[in-house]
Amino acid sequence: MLWGRAAGICSNPTCKADLTGLVEQGNYNVGEMAHIIAKSAKGPRGAGAGGSDSYDNLILLCPTCHRHIDKSPDGTYTVEQLHAWK
């Protein structure tokens with residue numbers, strides 16, 4: 001459902017990279033399902049016992065945006081902002 005609703009495109013509105021590769025030998029995906037609230041309470045945007053793997057807590061991102069968002073200082077990308085992107 002995440003891939004379909006994101007149309008295979010990075011959900012970062014300043015990126016919008018196509019996350020599928022179409023080649024003669026076969027197709028492949030490079031997108032990543034990223035947690036909005038980290039799986040671990042100590043992770044990026046972590047809270048309480050951590051976030052779930054449910055659709056509501058996932059966002060589709062390209063590998064570069066995923067790493068950039070998770071490595072940025074706390075508060076740079078909020079849970080609310082990521083939900084709005086989704």
Side-chain angles (χ1 to χ4, degrees):
M1 183 159 58
L2 184 66
W3 276 86
R5 289 197 169 172
I9 303 294
C10 180
S11 295
N12 180 341
T14 62
C15 178
K16 296 293 188 186
D18 184 351
L19 302 177
T20 58
L22 306 174
V23 294
E24 279 187 39
Q25 297 81 9
N27 304 327
Y28 59 92
N29 296 319
V30 295
E32 298 180 355
M33 295 186 295
H35 289 94
I36 294 173
I37 298 172
K39 185 88 171 158
S40 165
K42 294 182 181 182
R45 298 163 312 282
S52 70
D53 291 331
S54 69
Y55 169 79
D56 291 336
N57 191 45
L58 295 172
I59 186 170
L60 188 64
L61 298 169
C62 71
T64 301
C65 288
H66 187 182
R67 180 166 282 275
H68 180 70
I69 290 165
D70 281 358
K71 297 291 182 181
S72 294
D74 288 343
T76 304
Y77 297 95
T78 66
V79 169
E80 295 78 20
Q81 181 181 18
L82 297 179
H83 274 294
W85 288 2
K86 185 177 177 182

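Computed from a predicted model, the values in this text were never measured in an experiment.
Here SG of C15 is found 9.5 Å from CH2 of W85. Values are rounded to the nearest 0.5 Å. The CE atom of M1 sits 9.0 Å away from atom OG of S54, with the distance rounded to the nearest 0.5 Å. Atom NE2 of H66 is separated from atom SG of C10 by 10.5 Å, given to the nearest 0.5 angstrom. If you take OG on S72 and CZ on R45, they are separated by 9.0 Å, rounding to the nearest 0.5 Å. Here L60 contributes atom CG and S11 contributes atom OG; the two are 5.5 Å apart, rounded to the nearest 0.5 Å.
Using a distance-only test at 3.5 Å, with no hydrogens or angles considered, a donor-acceptor pair links the side chain of K86 to the main chain of L58. Distance alone, capped at 3.5 Å, places no donor-acceptor pair between the T20 side chain and the N29 backbone.
Note on I36: it does not cluster hydrophobically with L2, by side-chain heavy-atom contacts below 4.5 Å among ILVMFWY residues. No continuous path of hydrophobic side-chain contacts links W3 to I59 [ILVMFWY only; heavy atoms under 4.5 Å].
For H35, the side chain to side chain donor-acceptor pair (under 3.5 Å) test picks out D53, with sequence neighbours left out. With sequence neighbours excluded, the residues that form a side chain to side chain contact (heavy atoms under 4.5 Å, CB included) with V30 are L19, Y28. In this view, T14 and N12 satisfy the side chain to side chain contact (heavy atoms under 4.5 Å, CB included) rule, not counting sequence neighbours. When the side chain to side chain contact (heavy atoms under 4.5 Å, CB included) test is applied to A38, the partners found at least two apart in sequence or on another chain are P44.
Each salt bridge (Lys or Arg N to Asp or Glu O under 4.0 Å) pair with one or both residues in residues 4-13, not counting sequence neighbours, would appear here, but there are none. Judged as a side chain to side chain donor-acceptor pair (under 3.5 Å), the pairs with a partner in residues 73-83 (not counting sequence neighbours) are, in order, H68-Y77.
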